[in-house]
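Some notes on the structure that comes next.
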Amino acid sequence: MDELLKDTKHWQNLEPPLAPNEDEVKIYEKYVKGRGPICLLGMTKELAHLCEYMVDMNPIKQDRPVIKSDWADFNGMADAIMGDGVLNLAGMDLVPKLMERCDILVCRVFLRKFAGMKYATHFPNSFPGSRDVVVTQPDIAIVVWGE
């Protein structure tokens with residue numbers, strides 16, 4: 001866990017498919033546009049412009065506020081919460097905890113381990129209670145829970 005938190009170069013230098021591509025960013029925009037506040041779990045640079053604040057255990061300087069917290073322990077409220085690969089790191093048990101804090105949850109999920117992934121250990125293939133599952137690339141989907 002310590003290595004995961006301290007490896008900021010890894011997280012800041014991801015490129016597609018490990019980071020969202022332009023089409024995937026547009027899908028996030030479609031779901032969160034007009035909502036607020038919007039919280040981003042982690043600090044995915046491709047999504048940062050869509051949120052009012054971020055939540056991360058090892059924050060680095062951003063142009064948006066970053067709350068230092070574990071995602072599961074985060075107790076703030078948001079209209080929308082977004083994440084990229086967070087369920088691959090934290091597992092599906094995170095979904096009900098987050099849904100208590102927001103109206104809509106939008107997460108990009110990897111369905112298998114990709115080359116270059118260092119820390120992901122959860123690769124779900126079902127998404128109970130989700131309202132939309134948008135397959136964006138082979139073995140990658142954006143999953144939406146809530147209204």
Side-chain angles (χ1 to χ4, degrees), residues 1 4-5 10-60 62-147:
M1 180 68 140
L4 180 146
L5 296 177
H10 170 74
W11 299 113
Q12 294 300 306
N13 293 316
L14 294 176
E15 294 184 11
L18 299 183
N21 63 33
E22 285 183 37
D23 292 335
E24 291 166 324
V25 171
K26 289 176 185 172
I27 293 169
Y28 277 98
E29 287 174 350
K30 175 184 125 181
Y31 283 105
V32 303
K33 188 174 183 173
R35 296 178 180 273
I38 299 168
C39 171
L40 174 61
L41 302 177
M43 294 182 291
T44 304
K45 63 183 180 255
E46 295 81 0
L47 302 175
H49 70 282
L50 299 174
C51 72
E52 277 74 36
Y53 66 97
M54 304 173 204
V55 175
D56 198 89
M57 282 291 293
N58 189 27
I60 59 174
Q62 300 286 322
D63 65 354
R64 303 264 195 267
V66 183
I67 297 169
K68 185 174 182 172
S69 176
D70 182 271
W71 300 327
D73 296 334
F74 167 64
N75 62 6
M77 300 296 287
D79 192 16
I81 296 177
M82 304 182 300
D84 183 56
V86 298
L87 300 178
N88 297 107
L89 295 171
M92 291 294 292
D93 291 345
L94 187 60
V95 172
K97 293 175 184 176
L98 294 174
M99 286 307 300
E100 293 174 1
R101 306 270 172 231
C102 65
D103 295 326
I104 187 170
L105 173 63
V106 184
C107 291
R108 193 169 75 115
V109 181
F110 297 89
L111 308 180
R112 67 169 173 83
K113 191 165 186 90
F114 280 65
M117 284 185 170
K118 291 175 73 173
Y119 303 108
T121 57
H122 303 276
F123 300 95
N125 54 23
S126 67
F127 307 99
S130 63
R131 79 168 218 211
D132 291 324
V133 177
V134 181
V135 176
T136 60
Q137 300 180 57
D139 298 317
I140 301 174
I142 293 179
V143 185
V144 181
W145 288 266
E147 60 176 59

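Hydrogens, waters and symmetry mates are skipped; everything else that's a heavy atom, side chains included, is used.
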*Closest approach of Ala19 and Glu46, non-hydrogen atoms and distance?*
CB-OE2, 3.5 Å

_Trp145 and Leu98: CA distance, side-chain angles, deciding distance, side chain to side chain contact (heavy atoms under 4.5 Å, CB included) verdict_ = CA-CA 10 Å; Trp145 288 266; Leu98 294 174; over 6 Å; no

*If you look at every heavy atom in Ala72 and Asp70, which pair is closest and at what distance?*
N-OD1, 2.9 Å

*Which distance, rounded to the nearest 0.5 Å, do you find between the CD of Glu52 and the CG of Asp79?*
9.5 Å

*Listed partners of Asp139 passing salt bridge (charged side-chain N to carboxylate O under 4.0 Å, His left out), at least two apart*: Arg112

_Nearest-0.5 Å distance, CD of residue Glu29 to NE2 of residue His49_ = 4.5 Å

*Please tell me if the side chains of Gln137 and Phe114 come closer than 4.5 Å, counting only heavy atoms from C-beta onward.*
no

*Who passes salt bridge (charged side-chain N to carboxylate O under 4.0 Å, His left out) against Arg101, sequence neighbours left out?*
none

*asked:* For a 4.5 angstrom cut-off between non-hydrogen side-chain atoms, does Ile67 reach Pro65?
replied: no

*Any side-chain heavy-atom pair from Asn88 and Pro124 closer than 4.5 angstrom?*
yes

*Asn125 side chain reached by Phe123 side chain, heavy atoms, under 4.5 Å*: no

*Please name the pair of heavy atoms, one in Ala48 and one in Arg64, separated by the smallest distance, quoted to 0.1 Å.*
O-NE, 3.2 Å

_Contact summary for Gly42 and Met54, nearest pair of heavy atoms_ = O-CB, 3.5 Å

*Between Cys107 and Val86, which heavy-atom pair has the shortest distance, and what is it?*
SG-CG2, 4.0 Å

*Let me see the working for Leu47 and Val25 under side chain to side chain contact (heavy atoms under 4.5 Å, CB included), right down to the final yes or no.*
CA-CA 7 Å; Leu47 302 175; Val25 171; 4.1 Å; yes

*Going by heavy atoms in the side chains, are Val95 and Leu87 under 4.5 Å from each other?*
yes

*Does the side chain to side chain contact (heavy atoms under 4.5 Å, CB included) test come out yes or no for Cys39 and Leu41, once each step is laid out?*
CA-CA 6 Å; Cys39 171; Leu41 302 177; 4.2 Å; yes

*Anything under 30° is parallel, anything over 60° is perpendicular, the rest tilted; go ahead and classify Tyr53 against Phe74.*
tilted

*asked:* Counting C-beta onward and ignoring hydrogens, is there a side-chain heavy-atom pair between Ile38 and Tyr28 closer than 4.5 Å?
replied: no

_Rounded at 0.5 Å granularity, tell me how far CD1 in Ile27 sits from CD in Glu22._
12.5 Å

_To the closest 0.5 Å, what do you measure between CD1 (Ile81) and CG (Asp103)?_
9.5 Å

_Can you give me the closest heavy-atom contact between Cys102 and Ile104, atom names plus distance?_
SG-O, 3.3 Å

_Qualifying residues under salt bridge (charged side-chain N to carboxylate O under 4.0 Å, His left out), relative to Glu24, sequence neighbours excluded_ = Arg108

*Between CE on residue Met57 and OG on residue Ser69, distance to nearest 0.5 Å*: 7.0 Å

*Can you establish whether the number of heavy atoms outside Lys113 located under 6.0 Å from its atom NZ is more than 12?*
yes

*Distance (rounded to the nearest 0.5 Å) between Asn21 CG and Thr136 OG1*: 6.5 Å

_Measuring only between side-chain heavy atoms, which start at C-beta, is Met92 closer than 4.5 Å to Ser126?_
no

